[in-house]
Amino acid sequence: MPEHSPAQKQYLLRVRRKKYMIHVSRILLFLGFLFLWEVSARRRWIDSFIFSSPSEIWQTFFTMIQDQSLFTHIGITLTETLVSFVFTVFLGIGTAVLLWCCPKLSRILEPYLVVLNSLPKSALAPLLIVWLGANIRTIIVAGMSVAIFGSIINLYTGFREADPEKLKLIRTLGGTKKDELTKIVLPSSVPLILSVMKVNIGLCLVGVIIGEFIGARQGLGYLIIYGSQTFNCAGIRIRTDIVILIFCLFSGYSRISQQPLPPAPLKRIRPSFFNTFNL
């Protein structure tokens, strides 16, 4: 590998220094916020009973760790989120493929998908409790309901935007609908699918928390709503922070999975004209 010139080294150094300053500024801003919050609570500039304080939240966190019940609730919420996410991904891709293969069906179902996607999911959760009962299945369905309809609409729209010239070439060479789907539509939609998955993991977590608010006896959503009923503001804060941390972890993993993939090789399709003469 050739050596960098002095000008290039200076430029790379400035770029690294700029990134370093951005990270340091973010950390200092966060620490400054915590310091101001703690001082305000200790000097009674704010009501510590309502707004709590970082030290009280930290003490509550250690108490919950010693109790060991926190990990059980985190595990339940994570399991419900991941299960609802997996179902959302497979159902979303499968339904979008079905709509792409059947344009007439897509024209029939399109207004219903738009209406279902616009429904307030927090209002739908109580109906799910009545229909399915207060169990883990209802929580999973609540998580799916937040993400599934928007996922179908976005994926189907992306499938329709596949390169028409390539699709025409597939048909000219005697390819079938399956060849168009597997050789053109799905490979070209991989970035879209990964982007939709990145959004869906957060939406499924939101849906699961909403479901746990209403009809659960375990999970982070249950702990948050229980803390609000008992006016445990520090407990509410730490449980909400854990939900934010879980979302950040999911988002970071999704960003890693969005690294560019090498293009899949296209198999040569023999034209039907040559197949007729067995060439």
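We count residues from 1, following the sequence as given. Values in this document were obtained by computation on a predicted structure and should not be read as measured data.
For the pair Val97/Leu155, no side-chain contact is recorded, criterion being any heavy-atom separation below 4.5 Å from C-beta on. Residues Val196 and Ile193 fail the side-chain proximity criterion, which asks for heavy atoms closer than 4.5 Å. The closest side-chain heavy-atom distance from Ile152 to Ile93 is not below 4.5 Å. In this structure the side chain of Phe61 never reaches within 4.5 angstrom of the side chain of Ile57, judged on heavy atoms. Here the side chains of Val15 and Lys19 are in contact, with some heavy-atom distance below 4.5 Å.
Under a hydrophobic-cluster definition in which Ile, Leu, Val, Met, Phe, Trp and Tyr are linked whenever side-chain heavy atoms come within less than 4.5 Å, directly or via other members, Val141 and Leu78 are assigned to different clusters. Hydrophobic clustering (side-chain heavy atoms under 4.5 Å, transitive across Ile, Leu, Val, Met, Phe, Trp, Tyr) keeps Phe51 apart from Phe35. Both Leu105 and Leu91 belong to a common hydrophobic cluster when Ile, Leu, Val, Met, Phe, Trp and Tyr are linked at side-chain heavy-atom distances under 4.5 angstrom. Ile136 is not connected to Leu132 by any chain of hydrophobic side-chain contacts under 4.5 Å among Ile, Leu, Val, Met, Phe, Trp and Tyr, and they are in different clusters. Transitive grouping of hydrophobic side chains (ILVMFWY, heavy atoms separated by less than 4.5 Å) brings Ile201 and Leu192 into a common cluster.
Every residue two or more places apart in sequence or in another chain that forms a side-chain hydrogen bond (donor to acceptor under 3.5 Å, both in side chains) with Thr176 is listed here: Asp179. Arg44 pairs by the side-chain contact (heavy atoms from CB on, under 4.5 Å) definition with nothing, not counting sequence neighbours. Take Glu38 and apply the side-chain hydrogen bond (donor to acceptor under 3.5 Å, both in side chains) test, not counting sequence neighbours, and it matches Arg42, Ser55. With sequence neighbours excluded, no residue forms a salt bridge (Lys or Arg N to Asp or Glu O under 4.0 Å) with Glu56. Partners of Asn117 under the side-chain contact (heavy atoms from CB on, under 4.5 Å) rule, at least two apart in sequence or in another chain, are Phe149, Ile153. The side-chain hydrogen bond (donor to acceptor under 3.5 Å, both in side chains) test applied to Gln218 returns no partner, not counting sequence neighbours. Ser106 pairs by the side-chain hydrogen bond (donor to acceptor under 3.5 Å, both in side chains) definition with Tyr156, not counting sequence neighbours.
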Query raised in the report: Between Trp45 and Val39, is a side-chain contact (heavy atoms from CB on, under 4.5 Å) present by the stated rule, with each step listed?
Result: CA-CA 8 Å; Trp45 297 342; Val39 170; 4.0 Å; yes

Query - CA sep, side-chain torsions, deciding dist, call: Val185, Leu167, side-chain contact (heavy atoms from CB on, under 4.5 Å) - result: CA-CA 9 Å; Val185 176; Leu167 295 176; 4.2 Å; yes

Query raised in the report: Is there a side-chain contact (heavy atoms from CB on, under 4.5 Å) between Lys166 and Ile170 once you walk through the steps?
Result: CA-CA 6 Å; Lys166 293 181 180 179; Ile170 291 288; 5.7 Å; no

Report task. With side-chain contact (heavy atoms from CB on, under 4.5 Å) as the test, would you mind laying out the steps for Val206 and Ile209 before giving the verdict? Result -> CA-CA 5 Å; Val206 171; Ile209 295 298; 5.8 Å; no

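Pairs passing the salt bridge (charged side-chain N to carboxylate O under 4.0 Å, His left out) check and including a residue from residues 89-110, sequence neighbours excluded, do not occur. Sorted by first and then second residue, the pairs that involve residues 11-34 and meet ring pair (Phe, Tyr, Trp, His ring centres under 6.0 Å), not counting sequence neighbours, are Phe33-Trp37. Counting only residues at least two apart or in different chains, side-chain hydrogen bond (donor to acceptor under 3.5 Å, both in side chains) contacts with residues 77-98 comprise Thr77-Glu212. Under the ring pair (Phe, Tyr, Trp, His ring centres under 6.0 Å) criterion, the residue pairs touching residues 62-104 are Trp58-Phe62, with sequence neighbours excluded. Applying the side-chain hydrogen bond (donor to acceptor under 3.5 Å, both in side chains) rule to pairs touching residues 125-145 yields Asn135-Thr138, sequence neighbours excluded.
For the atom pair CD (Gln8) and CG (Leu13), the distance works out to 13.5 Å, reported to the nearest 0.5 Å. Atom NZ of residue Lys168 and atom CG of residue Leu173 lie 13.0 Å apart, to the nearest 0.5 angstrom. We find the CG-CD1 distance between Leu220 and Ile246 to be 5.0 Å, quoted to the nearest 0.5 Å. A distance of 4.5 Å separates CG in Leu124 from CG in Leu128, rounded to the nearest 0.5 Å. Atoms OG and CD1, on Ser189 and Ile184 in that order, are 10.5 Å from each other to the nearest 0.5 Å. Between atom CG of residue Leu113 and atom CG of residue Leu99 there is a gap of 6.5 Å, rounded to the nearest 0.5 Å.
Taking each heavy atom of Ser188 and Ala162 in turn, the nearest pair found is OG-CB, 4.3 Å. A pairwise comparison of heavy atoms in Gly92 and Ile148 identifies N-CD1, 3.7 Å as the closest pair.
Counting non-hydrogen atoms of neighbouring residues, nucleotides and ligands closer than 6.0 angstrom, the CZ atom of Arg160 reaches no more than 12 such neighbours.
Remark: of the listed residues Ile22, Val24, Leu29, Ile22 is the sole one forming a side chain to side chain contact (heavy atoms under 4.5 Å, CB included) with Arg26. Among Leu203, Ile139, Val146, the one residue that satisfies the side chain to side chain contact (heavy atoms under 4.5 Å, CB included) test with Val208 is Ile139.
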